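Take a look at the structure set out below.
Predicted model only: the values in this text are computed from it and were never measured. Residues take their numbers from the sequence shown, with the count starting at 1.
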Amino acid sequence: MALSSPALALQAVVLAPGGGFRRAELSRPVVGPGELLLALRVCGLCGTDLWKLAQGGTAGGSELGHELVGTVVEIGPGVRGFRLGDRVAAPHHVACGDCDACRRGSEPLCPAFRASQLSPGGFADLVRVGEPAVRLAACGLPDHLSDEAAVFLEPGACVLRGLYRSGLREVVAGGGAATAAVLGAGSMGLLHLLLLKALWPAVPVTLVDPLPERRERALALGADAAAPPGEAARGVDAVFDTAGGAAALAQALELTRPGGTTVLFAHAPRENRRDIAEIDLNAFFKAERCLVGTYSGSLPEQREVFRLLVTGRLDPTPLVTHRLPLSRFAEAVELARDRRALKVLLTPDAAPGVG
C-alpha cells in the first residue's frame, strides 16, 4: 500500500570510505513485511554523525542520520497502527528484549541493538524503517506535536537514560536535596538541562561552557547558574559530561561531592580515536565517587520522552537554530563543527531551509 508512485531513485547523504560524506542516488527501498517507508520531513544532525564523518565510520554501521521524522508513504504487509500520511518519529536502534544484556537492563549492549533500523539512514528523501522499529519503537505523532519537537525523541531518550543512571532520581524520591551540573552547553548539554528541569524542577543545575553566549542561552533556558570551566562550584551530586575527552572528564570528577556520580555522555575528541584519562585513584575511591558511562537509550526511555513531549513538559524546540535542505549538508556540518549552530535540522530540498 503506497501513498503515491514516486521515482525509482532517491537522493541521500551517505558516509564516504575513510571519512567524510558523498551525495548518492540510490535505488528506492523495497518495503518488506512489517516495514514502513517514510518521506523525510526533518532529520537532526547529531554529534555521532559528526564523529562518524571524522573517523570514517564505526563498527555499529555507516548510516548517517538517525533523528528522523517522516511521512508514511508506503506500508508493508502486516503493519498495524499506521496509515498513509501519518507523521512518524522512528528511532534507529531497537534491542531484542530477550538476551542477557536486555534482561540485565543493558539494552544498548544487545547484539540486535547494533543494527540500524533506518535504511539508507535519515539523510535521504525516502527512508525504510525496519520491522522491529515499526513494531516496537516508531511513534505516530499527534497534530499538536511539531516535527521540531518530535525529532528530539531519540536523543532525548539517550539523555534520559543517563539521568536515570546518575542516582538523582533516588535522591529526589527520598526527599533529599540534590544538585546537578552539565559540562558542555551544546545541543546535548542543553537537552540535559531541559530534561533535568522537566523531571525535577527543584534540582539546581549549573551549566559549564567556555563560550559566554552559550552560558547566556543556558541561563535563558532555565539553568540556575552558568560558569566557564574551572569556575563552577564544587560539591555536586551528579555531573553530566557532554563535552568529552580526558580533560573534561577530570573536570567533571572534580565537581562532584564525595559519594557523587559523574555520567560520561560523550565521545572522545574526534581528532583522536583513543583518549586515555588519568584519575587520582586514591582520591576517587576514598571519596566513594562513581563514574558511569552511557551512550544511548532504550524503549522505556523513548516512551517516557514521548510522553514528556506530548504533554508539553519537555519543549526542546528552542535548541533548533538552523533548518537546511539536504543539498546544503556540508554547510550544516561546518555550522555544527564551528559551534555556530546548536541543533541543525536537515529537510528535503523541496522545503526551503532557513539559517
Would E334 and R340 count as a salt bridge (Lys or Arg N to Asp or Glu O under 4.0 Å) if you check the C-alpha gap in whole Å, the side-chain angles of each, and the deciding distance to 0.1 Å?
CA-CA 8 Å; E334 289 306 309; R340 289 180 286 135; 5.5 Å; no
Checking side chain to side chain donor-acceptor pair (under 3.5 Å) for the pair Q11/E25: CA distance, chi angles, key distance, verdict?
CA-CA 5 Å; Q11 299 295 316; E25 184 173 282; 3.1 Å; yes
As a quick check of understanding, evaluate ring-ring contact (aromatic ring centres under 6.0 Å, His included) for Y295 and F265, giving each step before the final call.
CA-CA 6 Å; Y295 87 100; F265 184 91; 9.1 Å; no
If you apply the rule side chain to side chain contact (heavy atoms under 4.5 Å, CB included), what do you find for L45 with L335, and how did you get there?
CA-CA 11 Å; L45 181 63; L335 286 167; over 6 Å; no
Quick one: do E74 and R28 satisfy salt bridge (Lys or Arg N to Asp or Glu O under 4.0 Å)? Show the steps, please.
CA-CA 11 Å; E74 189 171 343; R28 175 188 170 93; 2.6 Å; yes
Assess the residue pair D224 and K197 against the criterion (salt bridge (Lys or Arg N to Asp or Glu O under 4.0 Å)); give the C-alpha distance rounded to whole Å, side-chain angles, the decisive distance to 0.1 Å, and a yes or no.
CA-CA 10 Å; D224 298 275; K197 288 301 184 180; 2.7 Å; yes
Decide yes or no on side chain to side chain contact (heavy atoms under 4.5 Å, CB included) for F152 and T317, but give the supporting numbers first.
CA-CA 9 Å; F152 285 90; T317 57; 5.8 Å; no
Under the side chain to side chain contact (heavy atoms under 4.5 Å, CB included) rule, what do F284 and I279 come out as? Steps first, then yes or no, please.
CA-CA 7 Å; F284 185 81; I279 297 174; 3.8 Å; yes
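Only one option out of V239, T262, D280 pairs with L253 in a side-chain contact (heavy atoms from CB on, under 4.5 Å); it is T262.
The structure places CG of L153 at 11.0 Å from CZ of R303, a figure rounded to the nearest 0.5 Å. The CD atom of E213 sits 8.5 Å away from the CZ atom of R215 when rounded to the nearest 0.5 Å. A distance of 6.5 Å separates CG in L199 from CZ in R313, rounded to the nearest 0.5 Å. Between the CG atom of L183 and the CG atom of L207 there is a distance of 9.0 Å, given to the nearest 0.5 Å. Atoms CG and CZ, from L37 and R128 in turn, are 8.5 Å apart once rounded to the nearest 0.5 Å. In this structure, L211 CG and R217 CZ are separated by 11.5 Å, a value rounded to the nearest 0.5 Å.
Closest of all the heavy-atom pairs between A185 and D209 is N-OD2, 2.8 Å. Residues A180 and L168 come closest through the heavy atom pair CB-CD1, 4.1 Å. Taking all atoms of both residues into account, the shortest heavy-atom contact from A336 to L50 is CB-CD1, 3.8 Å. Taking both residues in full, the closest heavy atoms of A243 and A248 are given as CB-CB, 3.9 Å, listed atom of the first, atom of the second, then distance. Shortest non-hydrogen contact noted between L324 and V344 is CD1-CG1, 4.2 Å. When all heavy atoms are compared, the tightest approach of L299 to A137 is CD2-CB, 3.6 Å.
Remark: side-chain polar atoms of D241 are not paired, donor with acceptor, to backbone N or O of L264 under 3.5 angstrom. With hydrogens and angles ignored, the 3.5 Å screen pairs a side-chain donor or acceptor of D86 with a backbone N or O of R83. A distance-only check finds no donor-acceptor pair linking the side chain of T321 to the backbone of A341 [under 3.5 Å]. Between the side chain of S146 and the backbone N or O of A149, at least one donor-acceptor pair lies under 3.5 Å. When atom types are taken as modelled, the side chain of R135 and the backbone of G130 share no donor-acceptor pair closer than 3.5 angstrom. The backbone N or O of C99 sits nowhere less than 3.5 Å from a side-chain atom of R104 that would complete a donor-acceptor pair. Not one N or O on the side chain of H93 forms a donor-acceptor pair closer than 3.5 Å with the backbone of A112. Under the 3.5 Å distance criterion, the side-chain polar atoms of S106 are left unmatched by any main-chain donor or acceptor of C102. For the pair E35 (side chain) and G32 (backbone), a donor-acceptor distance under 3.5 Å is present.
F329 has its side chain within reach of L53: a pair of non-hydrogen atoms, C-beta onward, lies under 4.5 Å apart. Counting heavy atoms from C-beta on, the side chains of V129 and L38 come closer than 4.5 Å. Residues F240 and L196 are in side-chain contact: their nearest non-hydrogen atoms beyond the backbone lie under 4.5 Å apart. Side-chain atoms of L314 and L195, non-hydrogen and from C-beta on, do get closer than 4.5 Å to each other. Residues C43 and V151 fail the side-chain proximity criterion, which asks for heavy atoms closer than 4.5 Å. Between L345 and H322, every side-chain heavy-atom pair lies at or beyond the 4.5 Å cut-off. Side-chain contact between L118 and L68: present, with at least one pair of heavy atoms (C-beta onward) separated by less than 4.5 Å. No side-chain heavy atom of V182 sits less than 4.5 Å from a side-chain heavy atom of V208.
Linking Ile, Leu, Val, Met, Phe, Trp and Tyr residues whenever their side-chain heavy atoms come within less than 4.5 Å places V14 and V127 in a single cluster. Placement of V263 and V236 in two distinct hydrophobic clusters is found when ILVMFWY residues are connected by side-chain heavy-atom separations under 4.5 Å, directly or transitively. Under the 4.5 Å side-chain heavy-atom criterion for grouping Ile, Leu, Val, Met, Phe, Trp and Tyr, V94 is not connected to F306 through any hydrophobic cluster. Clustering ILVMFWY residues whenever any of their side-chain heavy atoms sit less than 4.5 angstrom apart, transitively, puts L309 in the very cluster that holds L194. Cluster membership for L64 and V42, using ILVMFWY side-chain heavy atoms within less than 4.5 angstrom, is not shared.
Taking the six-membered ring where tryptophan is involved, the planes of H66 and H92 are essentially parallel, since the angle between them stays under 30° and well short of 60°.
A cation-pi arrangement is found for R169 relative to Y164, the charged atom lying closer than 6.0 Å to the ring centre and inside a 45° cone about the ring normal.
With no hydrogens or angles considered, no side-chain donor-acceptor pair links T71 and R87 at under 3.5 Å.
Classification of K52 and D49 as a salt-bridged pair fails, no side-chain N sitting under 4.0 Å from a carboxylate O. In summary, K343 and E67 engage in a salt bridge, as defined by a charged side-chain N under 4.0 Å from a carboxylate O. Checked for salt-bridge contact, E148 and R41 miss the test: no charged N lies under 4.0 Å from a carboxylate O.
Around atom CZ of R23, more than 12 heavy atoms belonging to other residues, nucleotides or ligands sit under 6.0 Å away.
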